[in-house]
Amino acid sequence: MTLTLTVSDEVRALAPGFTHVAIEADGLVNGPSTEASSALLDDAARRLAVRLDGRAPHEDPHMVAWREVYTAFGSKPSRTRNSAEALAKRALSEGGLPRINVLVDLYNAISVAHLIPVGGEDTDLIRGAMTLQRAVGDEEFVTVVGGEEVVEHPDAGEVVWRDAAGVTCRRWNWRQGPRTRLTEETTSAVFLLESLAPMPVADVERAGAELAELLEKFSPGARITVHAPA
């Protein structure tokens with residue numbers, strides 16, 4: 001793997017059933033959302049409705065597991081939902097899913113259809129290795145509030161993704177910072193699909209394979225590597 005991804009022992013102890021699949025992609029073509037990427041989001045919402053069969057997203061066993069882990073590291077899951085639950089809630093609402101850009105639309109569609117947290121980071125903007133760890137509390141997380149750039153600090157014990165420059169995503173997969181997010185200029189990215197037991201690892205692999213196929217379809221010629229679950 002070109003980009004080093006490490007999960008700390010503390011996080012493994014907190015969530016023994018955690019698995020992630022990483023997809024590295026170079027030579028991507030991004031741009032504003034299209035009719036095709038928008039259609040994928042609509043289809044994902046339909047697939048989600050079938051999957052839930054009348055239940056609320058937070059009642060799904062996988063989302064229950066994420067809520068338990070969020071509670072374990074001191075976060076209130078009803079206020080700071082994991083990214084998959086938050087997207088699923090929007091998908092089932094009258095407003096539906098947001099259209100961001102093609103690459104974000106693709107991974108959001110996979111997240112909603114499979115009810116699994118999926119994130120994308122611009123590898124050209126990542127500094128050094130990435131680590132999933134429990135925060136000390138003095139790490140810097142640069143975000144934007146009211147149009148102004150501000151620096152926040154995660155809570156001590158909070159699970160965060162970080163690189164050498166600071167935190168890239170707070171509360172595991174709740175809020176990504178703008179520094180490494182995928183923009184219309186992104187050409188290289190790493191996509192992370194994250195799951196907890198009781199979701200079978202094979203289900204995460206299927207979701208990763210579907211995302212890789214979509215990346216190949218929307219960025220012909222891109223170099224895509226799907227890594228084994230870790």
Side-chain angles (χ1 to χ4, degrees), residues 5-22 48-49 51-93 97-98 107-108 110-121 130-143 145 150-163 166-177 180-181 191-204 207-208 229-230:
L5 297 172
T6 303
V7 179
S8 73
D9 291 341
E10 283 186 324
V11 172
R12 293 290 187 193
L14 180 73
F18 174 63
T19 300
H20 70 276
V21 169
L48 173 68
R51 181 189 190 96
L52 291 174
D53 191 25
R55 295 174 299 169
H58 70 265
E59 296 176 300
D60 178 87
H62 191 212
M63 296 298 95
V64 170
W66 276 106
R67 282 188 164 224
E68 290 173 349
V69 166
Y70 267 50
T71 300
F73 67 75
S75 182
K76 294 183 178 179
S78 60
R79 289 181 56 192
T80 56
R81 295 178 176 86
N82 75 80
S83 64
E85 184 184 327
L87 271 179
K89 188 175 174 66
R90 293 192 69 172
L92 298 174
S93 71
L97 289 164
Y107 79 69
N108 278 350
I110 294 299
S111 176
V112 169
H114 292 268
L115 204 51
I116 179 172
V118 184
E121 306 275 357
M130 289 193 67
T131 304
L132 184 67
Q133 64 184 56
R134 301 195 71 171
V136 175
D138 61 358
E139 298 88 348
E140 292 192 351
F141 176 73
V142 181
T143 188
V145 177
V150 297
V151 177
E152 297 178 352
H153 301 282
D155 299 326
E158 181 182 323
V159 177
V160 298
W161 277 104
R162 68 159 301 159
D163 64 4
V167 172
T168 57
C169 194
R170 286 197 59 187
R171 293 178 186 155
W172 208 313
N173 48 43
W174 167 64
R175 178 186 290 171
Q176 182 185 25
T180 58
R181 68 175 47 152
F191 300 89
L192 286 172
L193 298 87
E194 302 179 307
S195 73
L196 296 170
M199 176 172 275
V201 174
D203 287 4
V204 190

**OP:** List the steps and the verdict of side-chain contact (heavy atoms from CB on, under 4.5 Å) for F141 and V160.
**Re:** CA-CA 10 Å; F141 176 73; V160 298; over 6 Å; no
Original post:
Within the side chain of E139, is there an N or O that forms a donor-acceptor pair under 3.5 Å with the backbone of G137?
Top reply: yes
Subject >> Residue pair S195 / D203, side-chain heavy-atom distance below 4.5 Å >> reply: no
Subject >> Min side-chain heavy-atom separation E10-V159 under 4.5 Å >> reply: no
Original post:
Does any N or O in the side chain of T80 come within less than 3.5 Å of the main-chain N or O of K76, such that one atom is a donor and the other an acceptor?
Top reply: yes
Original post:
Nearest heavy-atom pair of S111 and I116: which atoms, and what distance?
Top reply: OG-O, 2.7 Å
**OP:** Indicate whether the side chain of T168 and that of T180 have a donor and an acceptor atom separated by less than 3.5 Å.
**Re:** no
**OP:** Taking the side chain as every heavy atom from C-beta outward, state whether L5 and L192 have any pair of such atoms under 4.5 Å apart.
**Re:** yes
**OP:** Give a yes or no on whether the backbone of V167 and the side-chain of R162 come within a donor-acceptor separation of less than 3.5 Å.
**Re:** no
Original post:
Are the side chain of R90 and the backbone N or O of L87 linked by a donor-acceptor pair below 3.5 Å?
Top reply: no
Original post:
Hey, does the side chain of S83 reach the backbone of W174 with a donor-acceptor pair shorter than 3.5 angstrom?
Top reply: no
**OP:** Report yes if some heavy atom in the side chain of E59 is under 4.5 Å from a heavy atom in the side chain of V64; otherwise report no.
**Re:** no
**OP:** To the nearest 0.5 Å, tell me how far T143 OG1 sits from R170 CZ.
**Re:** 9.0 Å
Subject >> A65 to A197 - nearest heavy-atom pair and separation >> reply: CB-O, 3.3 Å
Original post:
Are any of the side-chain heavy atoms of V11 and W172 separated by less than 4.5 Å?
Top reply: yes
Subject >> Other residues, nucleotides, ligands: >12 heavy atoms within 6.0 Å of D9 CG >> reply: no
Subject >> Side-chain touch V118/N108, heavy atoms, less than 4.5 angstrom >> reply: no
Original post:
Roughly how far, to the nearest 0.5 Å, is CZ of R51 from NE2 of H62?
Top reply: 8.5 Å
Original post:
Just checking, any donor-acceptor pair under 3.5 angstrom between side chains of E121 and W161?
Top reply: no
**OP:** Using the side-chain contact (heavy atoms from CB on, under 4.5 Å) rule, take D155 and R171 through it: C-alpha gap first, then chi angles, then the decisive distance, then the call.
**Re:** CA-CA 9 Å; D155 299 326; R171 293 178 186 155; 3.4 Å; yes
Original post:
Is the side chain of H58 donor-acceptor paired with the backbone N or O of M63 at a distance under 3.5 Å, no angle test?
Top reply: no
Original post:
Any sub-3.5 Å donor-acceptor pair from R12's side-chain atoms to F18's backbone N or O?
Top reply: yes
**OP:** Determine whether P77 and T71 make a side-chain contact, defined as any pair of heavy atoms from C-beta on separated by less than 4.5 Å.
**Re:** yes
Subject >> Donor-acceptor under 3.5 Å (Q176 side chain, G120 main chain) >> reply: yes
**OP:** Among L193, L196, V201, find the one that has a side-chain contact (heavy atoms from CB on, under 4.5 Å) with T19.
**Re:** V201
Original post:
Within the distance-only criterion (no hydrogens, no angle test), does the side chain of R79 pair as donor or acceptor with the backbone N or O of S75 below 3.5 angstrom?
Top reply: no
Subject >> Nearest heavy-atom neighbours spanning W66 and N173 >> reply: CH2-ND2, 3.5 Å
